[in-house]
Amino acid sequence: MNLPLFLKNHNTIFVILLSSFFFACEQSKNIGFDLVQKDPVRVIESDTFTVKVSSVQGAIPVTKNAGVLLCGKYKDPDFGVVDASLFTQFLPTFDQISTVTTGDKPVNFDSVTVNFGYYSKYGVTNKKQKFRLHQISNLPVNNNLSSTEDYTINSSLIYDPNPLAVIELMGDTIAKRGVLSFNLFTSANKPEQTLYSGATVLDNKLKNWARNNVQKSAITDEFRGFALVPDASDDAGVMGFYGDFNSKLIIHYSQAQARTGKPDSIVKRVVEFYPTNAKFNRIQKDRQNTAIQDINTELQSKDVSLTNGIGYLQAGLGMQLKVEFPTLKNIKNLGSVGV
């Protein structure tokens, strides 16, 4: 068949393109040919054409109000060092703290715990890992979390360099779903936890707010939230934490209830603060000595032929895969073509 003459004398061509990614289990069929006139139609079939794949540094990811909050540090053999910290605000659900009392017995505010529910881990399980809980600083005055700010992986807030508490765990104990729980009142029953002086100050402040049923607006002026950061020496893994009600701050209190002819019973209750929409992730990278160490600026790319045929995809840091079919546009030169 003389192709140029064929194209010149006919008005319609249907081209069936089969890339090298797909394989047929049976002979190809002329599907859809009953929908067109048969006489002026010919078919050109091609089962291969060029595919180009590149690793690309995409736009810097926005992490405001993230549903999954990452924390940890891991040295990956392919991606290098990934260092993730989370910033989150905890506030009561209603406009005013509400405590429940019955009778005239005194109410005892017992302890404060800060829970971060987690459900995944990326890394190794045979190393210890430290999580440092810091309070976001009240200074400068505009150093507060916002639900409308477009936080990215490069965003950060100033937090007190002295931690409230540090928990150290072996990786195999946090490889599944669970709760990372800081107790701001005591470490007596938590050998994995170390408390610092700031924890006592915040513990007393939170209990006092609950005791006096203060307004939420008064709390936000003094309590900006938490930063959960990995220890500088860590390289064991990155954890995925819930940004919803699976994480919370809990103020525990109790009250004795008199019973006729019997010892008083103790009724235990809680006041709970939950994460607001003011939260984000900070995620930093160090790709030195990796195949993609020279991909740093936005839209910079590297063909997989230069990385041993491997394409790199890392959503948290904006690394994407770009698939191109550079010869596909040449089909347009054939004239009236349906693909």
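Quick caveat: nothing in here was measured; it's all calculated off a predicted structure.
No option in Glu298, Gln320, Arg287 other than Arg287 meets the side-chain hydrogen bond (donor to acceptor under 3.5 Å, both in side chains) test with Gln57. A side chain to side chain contact (heavy atoms under 4.5 Å, CB included) with Phe226 is found for one member of Tyr159, Phe87, Phe90 and no other, namely Phe90.
In this structure, the side chain of Asp286 does not engage the main chain of Val81 through any donor-acceptor pair within 3.5 Å. Side-chain atoms of Gln300 come within 3.5 Å of backbone N or O of Thr297 as a donor-acceptor pair. Panel note: side chain Thr186, backbone Ala188; a donor-acceptor pair is recorded below 3.5 Å. The backbone N or O of Ile310 sits nowhere less than 3.5 Å from a side-chain atom of Asn308 that would complete a donor-acceptor pair. With Asp234 contributing its side chain and Ala236 its backbone, the two residues share no donor-acceptor pair below 3.5 Å.
Hydrophobic clustering (side-chain heavy atoms under 4.5 Å, transitive across Ile, Leu, Val, Met, Phe, Trp, Tyr) groups Leu321 together with Val51. Clustering ILVMFWY residues whenever any of their side-chain heavy atoms sit less than 4.5 angstrom apart, transitively, puts Ile167 in the very cluster that holds Leu133. Connection of Leu202 to Ile97 is established within a shared hydrophobic cluster, with ILVMFWY side chains joined at heavy-atom distances below 4.5 Å, either directly or through further cluster members. The hydrophobic clustering, which links ILVMFWY residues whose side-chain heavy atoms are closer than 4.5 Å, places Ile136 and Trp209 apart. Residues Val82 and Ile60 fall within the same hydrophobic cluster, defined by Ile, Leu, Val, Met, Phe, Trp and Tyr side chains chained together at heavy-atom separations under 4.5 Å.
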Verdict with reasoning, Tyr151 to Val62, per side-chain contact (heavy atoms from CB on, under 4.5 Å): CA-CA 6 Å; Tyr151 296 108; Val62 174; 5.9 Å; no
Stepwise side chain to side chain donor-acceptor pair (under 3.5 Å) check, Gln255 with Lys268: CA-CA 7 Å; Gln255 186 181 23; Lys268 296 183 178 181; over 6 Å; no
side-chain contact (heavy atoms from CB on, under 4.5 Å) between Thr220 and Leu91, intermediate numbers included: CA-CA 8 Å; Thr220 56; Leu91 287 175; 3.5 Å; yes
side-chain contact (heavy atoms from CB on, under 4.5 Å) between Ile219 and Phe273, intermediate numbers included: CA-CA 11 Å; Ile219 297 174; Phe273 291 23; 4.1 Å; yes
Audit row: Thr152, Asn154, side chain to side chain donor-acceptor pair (under 3.5 Å) steps and yes/no: CA-CA 5 Å; Thr152 72; Asn154 292 332; 4.6 Å; no
Evaluation steps, side-chain contact (heavy atoms from CB on, under 4.5 Å), between Gln257 and Asp264: CA-CA 5 Å; Gln257 301 292 303; Asp264 290 352; 6.0 Å; no
From CA spacing to verdict: side chain to side chain donor-acceptor pair (under 3.5 Å), Asn115, Ser247: CA-CA 5 Å; Asn115 292 343; Ser247 299; over 6 Å; no
Test log, rule side chain to side chain donor-acceptor pair (under 3.5 Å), inputs Gln293 and Thr290: CA-CA 5 Å; Gln293 65 178 357; Thr290 69; 5.6 Å; no
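Within the model, atoms OG1 of Thr194 and CZ of Arg132 stand 10.0 Å from one another, a figure rounded to the nearest 0.5 Å. For the atom pair OG1 (Thr113) and CG (Asn183), the distance works out to 6.5 Å, reported to the nearest 0.5 Å. Interatomic distance, CG of Leu195 versus CG of Leu164, reported as 9.0 Å (0.5 Å rounding). Going from atom CD1 of Ile295 over to atom OG of Ser55 covers 5.0 Å, rounded to the nearest 0.5 Å. Rounding to the nearest 0.5 Å gives a distance of 5.0 Å between CD1 of Ile158 and CG of Asn143. Rounding to the nearest 0.5 angstrom, the gap separating the CG atom in Leu306 from the OG atom in Ser54 is 9.0 Å.
Residues Tyr74 and Asp235 have side chains not in contact (no heavy-atom distance under 4.5 Å, counting atoms from C-beta outward). Put simply, the side chain of Val112 reaches to within 4.5 Å of the side chain of Lys207, judged on heavy atoms. Using a 4.5 Å heavy-atom cutoff, the side chains of Thr327 and Phe325 are not in contact. Contact annotation: the side chain of Glu168 never approaches that of Glu192 to less than 4.5 Å [non-hydrogen atoms, C-beta and beyond]. Within the 4.5 Å cutoff, no side-chain heavy atoms of Lys216 are placed close to those of Phe94. In this structure the side chain of Leu180 reaches within 4.5 angstrom of the side chain of Leu169, judged on heavy atoms. You'll find the side chain of Thr99 stays beyond 4.5 Å of the side chain of Val107, heavy atoms only. Leu249 has its side chain within reach of Phe223: a pair of non-hydrogen atoms, C-beta onward, lies under 4.5 Å apart.
Donor-acceptor pairing under 3.5 Å is recorded for the side chains of Tyr242 and Arg177. Using modelled atom types and a 3.5 Å distance limit, the side chains of Thr276 and Gln89 yield a donor-acceptor pair. Judged by distance alone, the side chains of Asn204 and Asn208 never bring a donor and an acceptor atom under 3.5 Å apart. A side-chain donor from one of Asp110 and Ser254 sits under 3.5 Å from a side-chain acceptor of the other. Between the side chains of Ser233 and Asp231, at least one donor-acceptor pair of N or O atoms lies under 3.5 Å. One side chain, Asn246 or Asp244, offers a donor N or O that lies under 3.5 Å from an acceptor on the other. No side-chain N or O of Tyr312 forms a donor-acceptor pair with one of Gln314 less than 3.5 Å apart.
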Mind listing the side-chain donor-acceptor pairs of residues 64-73 below 3.5 Å, one per line with the distance, residues two or more places apart or on another chain?
from  : atom 1 : to     : atom 2 : distance (Å)
Lys64 : NZ     : Asp150 : OD1    : 2.9
Asn65 : OD1    : Lys279 : NZ     : 2.9
Lys73 : NZ     : Ala232 : O      : 2.9

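Using a 4.0 Å cut-off between charged side-chain N and carboxylate O, Lys302 and Asp294 make a salt bridge.
Summarising the geometry of Val56 relative to Ser301, their closest heavy-atom pair is CG2-CB, 3.6 Å, with the distance given to 0.1 Å. Scanning both residues, His134 and Pro161, for their nearest heavy atoms gives CE1-O, 3.2 Å. Listed here is the closest heavy atom pair of Leu86 and Phe116: CD1-CE2, 3.9 Å. In terms of heavy-atom proximity, Val100 sits nearest to Tyr253 at N-OH, 2.8 Å. Residues Ile283 and Gly316 share a closest heavy-atom pair of CD1-O, 3.8 Å. Here the shortest heavy-atom pairing between Thr102 and Arg269 reads OG1-NH2, 3.7 Å.
Asn189 CG: 12 or fewer foreign heavy atoms inside a 6.0 Å radius. Surrounding NZ of Lys190 are more than 12 heavy atoms belonging to other residues, nucleotides or ligands, all under 6.0 Å away. Dense packing is recorded around NZ of Lys205, with more than 12 heavy atoms of other residues, nucleotides or ligands lying under 6.0 Å away.
The aromatic rings of Phe241 and Phe131 sit perpendicular, their planes meeting at an angle over 60°, well past the 30° parallel limit.
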